[in-house]
Every structure is written in C-alpha cells, then in structure tokens.
Amino acid sequence: MPKGGVGKTTTAVNLAASLAVAEKKTLLIDADPFGASAMSLGFTPERIKAGIAEVFSFTHSLDHAIHRTELDYLDFVPSNVNTIQRDERFTKIAENRVVLKNALRGAAQHYEYIIIDCPPIMRGIVANALTASSSVMMPVRSGHFSLEAISKLFKYIEYIKEIANPALYIEGIVMTMYESNTKVTEISERELKLRYNKYLFKTHIPRNHIVTESTFYGKPCILYNVNANVSMAYLELAYELINKYAPEKAVV
Ligand code: ADP
Ligand code: MG
C-alpha cells in the first residue's frame, strides 16, 4: 500500500483474478474509500448490495457484503463509502484497529487468499488491514518510487507488528509499470536491488495501455486480453506467489 498511482488497485484486482484462474479460492476486499476495484470488475453501483461501509458500521456481517464475480473462484467485497456521512463514520470506526480482523474471522476459512486493496495512508483502514493480514505486498512504480517512502512503509509495518500483529511479514515488492531497456528503469531497479533485493518478486509488471483499457470494459486484464504481456505477468506473479509456499515436489 505505498502512495497513490503506483498500481496497487491494478495489482490487487489482477493478482486476485489470476489466483482465481489458478483455482485458488480468493476474496478481494476493496478497503479504499475512493475505491475503484468495483469498476475493474464490472460492478456498477446498482449491483452493489452492501460493502465495506456496512461492515464498518456493524449493520451487516462481512458475508452479506460478499459478491460473486464472473470468475467462480473469485469473490469480492466492494468499497461503498460513497457519502460524507458514511465516510465520517467509516473513518471514526476504523480508528479501532481490530474491526476488519474480527469481521474476517468467519470468512477466512472459506478462502485460500484474501487480498485487501488499501488506500495510500498509514492509519485507520490500513492499520486494520495490516492487523488482519498475514503478509504485505508492496507494488512500486518502476522509475518513480522514493526509497524514503519505502523505508517509511517498512517502519510502519514494523510498528504494526509490535503493537498488533507480531506474525505479519513482508511478502515482497513488485515492480509495476516496468519499461524494459530504459535508463530510468535500469537505475531504479539497481537502487531497489541494492537495498531490498531479498524482498523483490522476480516477476515485473510491464507498462501496457491494456490495463486502463480493460478497466473501461469492467474486466481484469487477464479476462480482457490474456495474451497481453501484462496479463501474462500477473499470471506469473500469481504462480510465483503460489509456489513460494508449495511443498517441495518429490523428484521421481
Ligand atoms: P493505485 O491503486 O496505486 O492508486 P492504480 O492501480 O489505480 O494505482 O493505477 C494508477 C493508474 O495507472 C491507473 O490509471 C491504471 O490504469 C494505470 N496503470 C496501472 N498499472 C499499469 C500498467 N502496468 N501499465 C499501464 N498503466 C497502468
Ligand atoms: Mg488504488
């Protein structure tokens, strides 16, 4: 969940869709009050019956806010914090760090992966998400990140570990909007490797206009154009993530 416009929502949606295509039961939660995940999954406001706003006002359980998607293995909780009153209540209730963790208790056993798309802040809903999670994934925009911002995020994760979730760990850093063979990419990748090599995912997500285009059509890019390099990259990222934990295969 680093700063805005780095590809967090795109990564959350497309990684969730890729895990679902790999038949891993996945829940995507849009925890950004300005959330745009619904658009990328083709949800118009009329199709949203409940969302994170009800969960954070305790009017409905999380189950009630879960929507099926066009992928059998992917469910979705939209962000519907869309009025000033809801936003005020949401912000206030999110000061309590354990609301999301408690809400997820029942749902957790039904899913292999729960992905929470966060806004670029370091409090409230993000503290909730980090308290409820086992790990954090950080998309960084290739060529446009600040090492200082990444280091600040690491410190915030450390802080949440200390006060609320000792088991939390860093799943990894994913480079997004990657343009190969450019000087700025080369320099920035070198910098990132120098400081954070052990956290870097091998898969890079290339820059491709298909990402924005598919959002207009209300589809994750893998369902819009599976042959695009960016779709392949998200499938590969899912594969990399799944295989991090796969038991060693017996050599026959
Ligand atoms: P964040 O959630 O971090 O604010 P988004 O995922 O919403 O970032 O992406 C910000 C903008 O960049 C969006 O317009 C999105 O369509 C675009 N974008 C994201 N990833 C890519 C990519 N790999 N190639 C091209 N455009 C991208
Ligand atoms: Mg976003």
Side-chain angles (χ1 to χ4, degrees), residues 1-19 28-43 51-53 76-82 87 90 94 100 114-126 128-130 133 136-146 149-150 152-153 156-157 171-182 184-185 188-189 192 200-238 240:
M1 28 99 228
K3 62 183 179 164
V6 304
K8 294 186 297 299
T9 298
T10 305
T11 299
V13 169
N14 285 288
L15 179 62
S18 300
L19 289 166
L28 172 66
I29 300 178
D30 187 353
D32 185 348
F34 291 100
S37 302
M39 213 166 94
S40 307
L41 288 171
F43 279 85
I52 206 81
F76 175 52
V77 175
S79 159
N80 57 344
V81 185
N82 46 13
D87 191 53
F90 177 79
L100 190 59
I114 299 180
I115 293 182
I116 309 171
D117 182 21
C118 286
I121 55 170
M122 291 201 226
R123 64 192 128 83
I125 182 62
V126 176
N128 264 267
L130 291 176
S133 297
V136 200
M137 219 159 145
M138 297 182 202
V140 301
R141 184 172 163 181
S142 157
H144 287 83
F145 60 83
S146 113
I150 298 174
K152 211 168 153 189
L153 198 53
Y156 185 62
I157 292 163
E171 193 72 67
I173 297 176
V174 191
M175 292 187 84
T176 63
M177 303 189 216
Y178 192 89
E179 289 172 283
S180 39
N181 304 323
T182 67
V184 68
T185 300
S188 70
E189 191 175 354
L192 213 50
L200 275 183
F201 275 94
K202 287 195 191 69
T203 312
H204 299 148
I205 307 300
R207 171 182 284 285
N208 189 327
H209 63 91
I210 288 284
V211 170
T212 319
E213 210 174 295
S214 61
T215 305
F216 276 109
Y217 287 94
K219 287 192 181 291
C221 52
I222 58 159
L223 297 184
Y224 178 70
N225 182 346
V226 73
N227 293 317
N229 60 358
V230 64
S231 308
M232 303 268 201
Y234 276 118
L235 287 166
E236 211 161 299
L237 184 63
E240 194 179 342

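For ligands, and for the atoms within them, numbers begin at 1 and follow the listed sequence. Counting begins at 1 with the first residue of the sequence.
- Side chain of D32 to backbone of S79: no donor-acceptor contact under 3.5 angstrom is found.
- The shortest N/O to N/O separation between T9 and ligand 1 falls below 3.5 Å.
- Between H209 and ligand 1, a contact under 3.5 Å exists for no N or O pair.
- Here T10 has heavy atoms under 4.0 Å from ligand 1 in both its backbone and its side chain.
- With respect to V140, the side chain to side chain contact (heavy atoms under 4.5 Å, CB included) criterion is satisfied by exactly one of V6, T176, I150, V174: I150.
- Residue contact annotation: V6 has a non-hydrogen atom under 4.0 Å from ligand 1.
- The closest donor-acceptor contact from the side chain of E240 to the backbone of F201 lies at 3.5 Å or more, if one exists at all.
- By the 4.0 Å heavy-atom criterion, G5 is counted among the residues contacting ligand 1.
- Shortest non-hydrogen contact noted between S188 and F145 is O-CZ, 3.3 Å.
- Where the criterion is an N or O separation shorter than 3.5 Å, residue side chain and backbone included, D117 fails it with respect to ligand 1.
- For atom 21 (C) of ligand 1, the candidate residues are M39, E213, R141, M177; the nearest heavy-atom contact is made by M177.
- At a heavy-atom distance under 4.0 Å, no atom of P139 approaches ligand 1.
- Of the possible donor and acceptor atoms, one in the side chain of T185 sits under 3.5 Å from a partner among the backbone N and O of E179.
- Using a non-hydrogen distance threshold of 4.0 Å, N208 registers as a contact of ligand 1.
- Taking the six-membered ring for Trp and thresholds of 30 and 60 degrees, F76 and F43 have ring planes inclined between 30 and 60 degrees apart.
- Atom numbering of ligand 1 starts at 1 in the shown order; those under 4.0 Å from a heavy atom of P206 are 22 (C), 23 (N), 24 (N).
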Checklist line | side chain to side chain donor-acceptor pair (under 3.5 Å) between T11 and Y234, intermediate numbers included | finding: CA-CA 8 Å; T11 299; Y234 276 118; 2.9 Å; yes
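- Remark: side-chain polar atoms of S231 are paired, donor with acceptor, to backbone N or O of C221 under 3.5 angstrom.
- With a cut-off of 2.8 Å, the Mg ion (ligand 2) has an N, O or S atom of T9 in range.
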